[in-house]
There are 2 protein chains.
Amino acid sequence: MAAGILVVDDEQSIADLIEVYLKNENYDVYKSYNGLDALKHVETQNIDLAILDVMLPDIDGFSICQKIREKHNFPVIMLTAKDEEIDKITGLTLGADDYVTKPFQPLELVARVKAQLRRYTRYNSSEISREEKLITIAGLVLNKDTHECTLNEKPLSLTPTEFSILWVLASNRGRVVSSEELFRKVWGDKYYTNSNNTVMVHIRHLREKMNDNAEHPKYIKTVWGVGYKIEK
Amino acid sequence: MAAGILVVDDEQSIADLIEVYLKNENYDVYKSYNGLDALKHVETQNIDLAILDVMLPDIDGFSICQKIREKHNFPVIMLTAKDEEIDKITGLTLGADDYVTKPFQPLELVARVKAQLRRYTRYNSSEISREEKLITIAGLVLNKDTHECTLNEKPLSLTPTEFSILWVLASNRGRVVSSEELFRKVWGDKYYTNSNNTVMVHIRHLREKMNDNAEHPKYIKTVWGVGYKIEK
DNA sequence: ATGCCGCCTTAAGATAATCTTAAGAAATTT
DNA sequence: AAATTTCTTAAGATTATCTTAAGGCGGCAT
């Protein structure tokens with residue numbers, strides 16, 4: 001899986017420029033023009049590295065960096081127009097891993113991104129290895145680590161099987177998953193017996209908790225005679 | 001233990017200057033004025049970070065960096081007079097973790113050293129070689145060296161297994177740990193037998209000592225059908 | 001269009017699994 | 001031998017899962 005990179009800069013043109021260069025290297029880019037939006041991305045997307053501008057309309061980059069550090073481990077590269085030494089020290093001390101001053105050469109930034117990621121993955125190497133842990137689909141957030149699930153910020157308390165089913169649907173979003181496949185993925189192949197509607201029952205419970213009605217489902221759609229799916 | 005830092009520069013005055021600043025921060029400094037000597041240090045001393053000048057009389061800094069990378073994992077900061085973009089990219093691509101151009105501000109260099117070391121120990125902490133020895137989570141402090149544990153300054157007297165369990169939970173904070181995983185990590189894989197509720201019993205004892213009630217636990221939360229977790 | 005069949009939804013109760021708690025036995029340490 | 005720690009067992013509470021069955025709806029054939 002490609003690494004996810006968060007780019008935060010209030011100057012759209014700069015954020016866009018960085019995005020182009022990063023996408024050219026096949027990274028998944030998440031762009032924000034302000035701090036609040038950025039923090040939301042951090043909680044809902046699989047981020048492996050953040051590039052933060054210091055000057056932002058709402059929260060400054062240093063604070064964002066600190067907030068990230070409370071929960072996350074991935075590298076942070078600070079970006080700023082000021083190049084006074086004192087700022088560099090502040091940034092690095094607050095937990096940033098690198099510091100690039102504007103104006104910068106895009107290729108150098110990309111090189112630094114690679115260096116940080118190489119380091120990051122070197123340490124995390126076999127252990128975590130970039131399995132998807134977070135899935136976000138239109139207000140629905142699933143966290144496999146904590147088994148937490150929120151719908152439009154509100155937590156849903158799901159039972160283990162409910163969570164598993166939703167996870168399978170979400171990780172196959174955009175594709176119809178037959179109830180047989182669902183069953184095999186959630187319970188395991190060996191437990192499968194045909195003519196089993198327990199999947200449907202769980203789907204029903206899920207829809208209830210998600211306030212989704214079967215007639216016009218917002219999330220879990222049923223495809224007659226085939227299975228269920230979640231739109232992309 | 002203070003971190004060991006290797007400083008390599010053929011200009012003695014510069015190496016000495018860096019040494020002064022690093023010693024001031026209580027690092028163990030190993031100085032070399034040429035590449036061969038530097039590589040000898042790498043093999044014989046406990047090095048946690050290297051600062052390499054690119055221009056050296058015998059071997060160039062990039063080659064030293066590559067040699068280091070064959071066997072070691074610690075961060076490398078390249079140091080050079082050339083500040084053309086292409087060189088930076090070369091350096092970072094060859095496995096360096098940061099790049100500082102001369103003339104540089106000593107304090108900035110120190111800050112970058114700190115940032116790299118922080119990163120290095122952060123990654124090595126939980127999983128790999130270098131062990132995390134102290135974990136602090138919201139009033140709860142665990143010391144692996146002494147097996148001591150305090151909660152809001154007050155010491156808790158935990159039995160060895162209790163400590164181990166709490167340690168596993170704490171070092172995986174923010175993630176649900178299944179009781180099977182807990183068992184395997186505390187007792188070892190080979191002892192695992194299914195249908196074992198001894199973990200739960202110990203959890204119960206822990207909660208008792210921590211004054212945590214199962215209904216609204218402040219520390220050890222149970223995730224039904226999945227496992228236990230401590231919040232980040 | 002109409003009616004039928006089969007798939008899907010929904011409800012409710014039965015069954016099963018997991019967790020908490022307690023108490024005492026076994027093992028280990030002091 | 002005493003004290004501590006660890007493990008086993010089991011009852012009770014809680015929660016999750018499955019089964020069943022009735023009714024609704026979609027698609028298909030006539």
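Here is how names work: the chains are called A, B, and so on, in the same order as the sequence lines, proteins then strands, and each is numbered from 1.
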**Student:** So, is A:Y228 close to the C:dT9 phosphate, meaning a side-chain N or O under 4.0 Å from OP1 or OP2?
**Tutor:**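 Yes.
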**Student:** Quickly work out the B:L182 CG to D:dC7 P distance and round it to whole Å.
**Tutor:** 13 Å
**Student:** D:dT17 P sits how many Å from A:F183 CZ, rounded?
**Tutor:**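 About 12 Å, once rounded to whole Å.
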**Student:** Would you say A:T161 reaches D:dT17's phosphate, i.e. side-chain N/O to OP1/OP2 under 4.0 Å?
**Tutor:** yes
**Student:** Output the rounded distance in Å from CD (B:E162) to C1' (C:dT28).
**Tutor:** 15 Å
**Student:** How many Å lie between CG on B:N197 and P on D:dA11, as a whole number?
**Tutor:** 13 Å
**Student:** What integer distance in Å separates B:H216:NE2 from C:dT20:P?
**Tutor:**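 Atom-to-atom, B:H216 to C:dT20, this comes out as 13 Å.
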**Student:** Relative to the 5' end of DNA chain D, which residue comes earlier, A:T159 or A:W224, by the nucleotide with the nearest heavy atom?
**Tutor:**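 Nearest-nucleotide comparison on DNA chain D picks A:T159.
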**Student:** With DNA chain C as reference, determine whether A:G227 or A:E208 sits nearer its 5' end, using the nearest nucleotide of each.
**Tutor:**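 Going by which nucleotide is closer to the 5' end, it is A:G227.
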**Student:** Ignoring hydrogens and angles, tell me if any N or O in the side chain of B:N143 forms a donor-acceptor pair with the backbone of B:T146 under 3.5 Å.
**Tutor:**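 Here the side-chain-to-backbone pair exists.
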**Student:** By the definition ring-ring contact (aromatic ring centres under 6.0 Å, His included), identify the one residue from A:Y228, A:F183, A:W187 that meets it with A:H202.
**Tutor:** A:W187
**Student:** I need the A:I230 CD1 to A:I220 CD1 distance, nearest 0.5 Å.
**Tutor:**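 One finds 5.5 Å between CD1 of A:I230 and CD1 of A:I220.
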**Student:** Inspect the contact between A:D37 and A:K31 and indicate whether a charged nitrogen and a carboxylate oxygen are less than 4.0 angstrom apart.
**Tutor:**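 The answer is no: the pair does not qualify as a salt bridge.
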**Student:** Considering the options A:M210, A:E148, A:H205, A:K209, which one meets the side-chain contact (heavy atoms from CB on, under 4.5 Å) requirement together with A:L158?
**Tutor:**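 For A:L158, the side-chain contact (heavy atoms from CB on, under 4.5 Å) check succeeds only for A:K209.
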**Student:** Expressed as a whole number of angstroms, how long is the span from A:H205:NE2 to C:dT9:C1'?
**Tutor:**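 A:H205 atom NE2 is separated from C:dT9 atom C1' by 11 Å.
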**Student:** Could you tell me whether the phosphate oxygens of D:dC18, OP1 or OP2, come under 4.0 Å of any side-chain nitrogen or oxygen in A:H202?
**Tutor:**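 A:H202 to D:dC18 OP1/OP2: side-chain N or O found under 4.0 Å.
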**Student:** Considering heavy-atom distances to DNA chain C, does A:I203 or B:V223 have its closest nucleotide positioned more toward the 5' end?
**Tutor:**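 Nearest nucleotide further toward 5': that of A:I203.
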**Student:** Take the protein atom CE of B:M200 and the nucleotide atom C1' of D:dC7, then report the distance between them rounded to whole Å.
**Tutor:** 14 Å
**Student:** Map B:E215 and B:K209 onto DNA chain D by nearest heavy atom, then report which one ends up closer to the 5' terminus.
**Tutor:**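 Its nucleotide being nearer the 5' end, the pick is B:K209.
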**Student:** Establish, with yes or no, whether the OP1 or OP2 oxygen of C:dA22 is under 4.0 angstrom from a side-chain nitrogen or oxygen of B:R204.
**Tutor:**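 Looking at the OP1 and OP2 atoms of C:dA22, one of them is under 4.0 Å from a side-chain N or O of B:R204.
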**Student:** Tell me: CD1 of A:I165 to P of D:dA16, nearest whole Å?
**Tutor:** 14 Å
**Student:** Would you say A:W187 reaches D:dT17's phosphate, i.e. side-chain N/O to OP1/OP2 under 4.0 Å?
**Tutor:** no
**Student:** For B:T198, report the nucleic acid contact type (base, sugar-phosphate, nothing); a contact means any heavy atom under 4.0 Å.
**Tutor:**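 Result for B:T198 = base.
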**Student:** C:dT20, OP1 or OP2 - any side-chain N/O from B:R207 closer than 4.0 Å?
**Tutor:** yes
